[in-house]
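Taking it in order: structure first as structure tokens, then the write-up.
Start at 1 with the first residue, then count along the sequence. Every heavy atom of this structure was used, including side-chain atoms; hydrogens, water molecules and symmetry mates were not.
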Amino acid sequence: MTAVTQAPPVTAAPAPAGRRYGVRPWLLAPLLFLALAAVAALAPALLSGVDPLAADPLHALSGPSAGHWFGTDHLGRDVLSRVVHGAGHSLAIGAAAILFAAGVGTVLGMLAGLSPRYLDKLLSRLFDVLATFPELLLALLVIAITGPGTGNVILAIGMAQVPNYARVIRAQTFVVRRSGYVEQAVTFGLRRPVLVLRHVLPNVLGPLPVLATIGMGTAIIATSGLSFLGMGPQPPSPEWGSMLSEARDYLRVAWWTALFPGLAVSLTVISLTLVGRRLQRRFEGRQ
């Protein structure tokens, strides 16, 4: 009798390392760029040892070269150094504004979700009205009242983003409020402050990382826009928006003074958006 040979079992090809660990290959570039931006913000000396404020009029408006990779501006300052050091201003303002918006939005959203119906309606209408205004326009209104400056820019951008967080947290609060474990805790007579802090608050914070990542990109655009209008950090401090504002008078003769800070803003926002969308898919259970 002829022996029957069995074919070896077919095994699937191993998944790429990035996919095995939940990171899509196309996401590596944005993550690497954000890591580079974080290094520039936290330790700019690692990327550029040139003083961003040091002027050299003899080499003003020099194009990119071996001595100045990104060229120099109208005062002879190194554009690469200013872009690197400017990351600290732009990212710090954006992060501070997001922290402010997330904190205030969480408090107001939970207040609306846990309040009686009339107060919930009042707060909801307030969120809806504020959300109808473009964020940059609302920020400009706040700046017009408080005046220019780094602290006021953070306040303005943060207040403009509060409705986004408040509406999401309010919806999450309604879901958690009707959950079985909260109703059981109420049945056991748990005090309301303990109930809110122990059972409601930790379970409504899930969407915040997604909102903060995407909102960070919006905050950086708003920061650069306000700085471009002269309402953010004042010269000679390096900041991407103020660099663009200074460069607009020299576009015909020194395109590099606007190109590189503009690329820094664009690539940072695009990277944050891509990472935020990926986090959103993971949060919603979509791979």
**Request:** Measure the acute angle between the ring planes of W255 and F260, then classify it against the limits of 30° and 60° as parallel, tilted or perpendicular.
**Result:** tilted
**Message:** Measuring from atom OG1 of T106 to atom CG of L201, what distance do you get when rounded to the nearest 0.5 angstrom?
**Reply:** 7.5 Å
**Request:** Classify the ring geometry between Y250 and H74 as parallel (under 30°), tilted (30 to 60°) or perpendicular (over 60°).
**Result:** parallel
**Asked** Is the closest side-chain heavy-atom distance between P233 and S242 below 4.5 Å?
**Response** no
**Prompt:** Between H85 and P52, which heavy-atom pair has the shortest distance, and what is it?
**Reply:** CG-CG, 3.7 Å
**Complete:** What one should report as the nearest heavy-atom pair of A160 and A139 is CB-N, 4.3 Å
**Message:** Has S62 got a side-chain atom pairing as donor or acceptor with G71's backbone, closer than 3.5 angstrom?
**Reply:** no
**Message:** Quick check for you: to the nearest 0.5 Å, what is the distance between I221 atom CD1 and L226 atom CG?
**Reply:** 12.0 Å
**Request:** Could you tell me whether the side chain of Y165 reaches within less than 4.5 Å of the side chain of I98, counting heavy atoms only?
**Result:** yes
**Nearest-0.5 Å distance, CG of residue L31 to OG of residue S271** = 8.5 Å
**Item:** Side chain to side chain, V50 and S48, heavy atoms closer than 4.5 Å
**Value:** yes
**Request:** Please confirm whether R248 makes a cation-pi placement over F228, using NZ or CZ under 6.0 Å from the six-membered ring centre and within 45° of the ring normal.
**Result:** yes
**Asked** Are L138 and M231 co-members of a hydrophobic cluster defined by side-chain heavy atoms under 4.5 Å apart?
**Response** no
**Item:** Main-chain N/O of A254 paired with T257 side-chain donor or acceptor, under 3.5 Å
**Value:** yes
**Request:** Would you check if the side chain of H68 reaches a backbone N or O of P64 as a donor-acceptor pair within less than 3.5 Å?
**Result:** no
**Request:** Spell out, yes or no, whether L211 and V269 are grouped together once hydrophobic residues are joined by side-chain heavy atoms under 4.5 Å, including indirect joins.
**Result:** yes
**Asked** Between R77 and A55, is there a donor-acceptor pair closer than 3.5 Å when you use the side chain of the first and the backbone of the second?
**Response** no
**Request:** Determine, using the 4.5 Å side-chain heavy-atom cutoff (strictly less than), whether M216 and I154 are members of one ILVMFWY cluster.
**Result:** no
**Request:** Kindly work out whether a path of hydrophobic side-chain contacts (I/L/V/M/F/W/Y, heavy atoms less than 4.5 Å apart) joins L61 to F70.
**Result:** no
**Asked** Is there a donor-acceptor pair under 3.5 Å between the side chain of D56 and the backbone N or O of G76?
**Response** no
**Request:** Spell out, as yes or no, whether a donor-acceptor pair under 3.5 Å connects the side chain of T213 to the backbone of L272.
**Result:** no
**Asked** How many angstroms lie between CZ in R125 and CG in L123, if you round to the nearest 0.5 Å?
**Response** 10.5 Å
**Request:** Would you please test N203 and Q172 for side chain to side chain donor-acceptor pair (under 3.5 Å) and show each step?
**Result:** CA-CA 8 Å; N203 291 287; Q172 286 290 114; over 6 Å; no
**Request:** Decide yes or no for R277 and T273: does some side-chain heavy atom of the first lie under 4.5 Å from some side-chain heavy atom of the second?
**Result:** yes
**Asked** Where the side chain of T132 meets the backbone of V129, is there a donor-acceptor pair that is under 3.5 Å apart?
**Response** yes
**Prompt:** Is the closest basic N to carboxylate O distance between R170 and D120 below 4.0 Å?
**Reply:** yes
**Message:** Is it the case that the side chain of Q161 and the backbone of G215 share a donor-acceptor pair, with hydrogens and angles ignored and the cut-off at 3.5 Å?
**Reply:** yes
**Prompt:** Can you hop from L47 to L32 via hydrophobic side chains spaced under 4.5 Å?
**Reply:** no
**Atom pair CE (M110) and CD1 (I169), whose distance is rounded to the nearest 0.5 Å** = 8.5 Å
**Item:** Distance (rounded to the nearest 0.5 Å) between I145 CD1 and L140 CG
**Value:** 11.5 Å
**Item:** Donor-acceptor contact below 3.5 Å, side chain W240 vs main chain V83
**Value:** yes
**Prompt:** Side chain of S90, backbone of E239: donor and acceptor closer than 3.5 Å?
**Reply:** no
**Prompt:** Heavy-atom distance under 4.5 Å between the side chains of R82 and L53, does that happen here?
**Reply:** yes
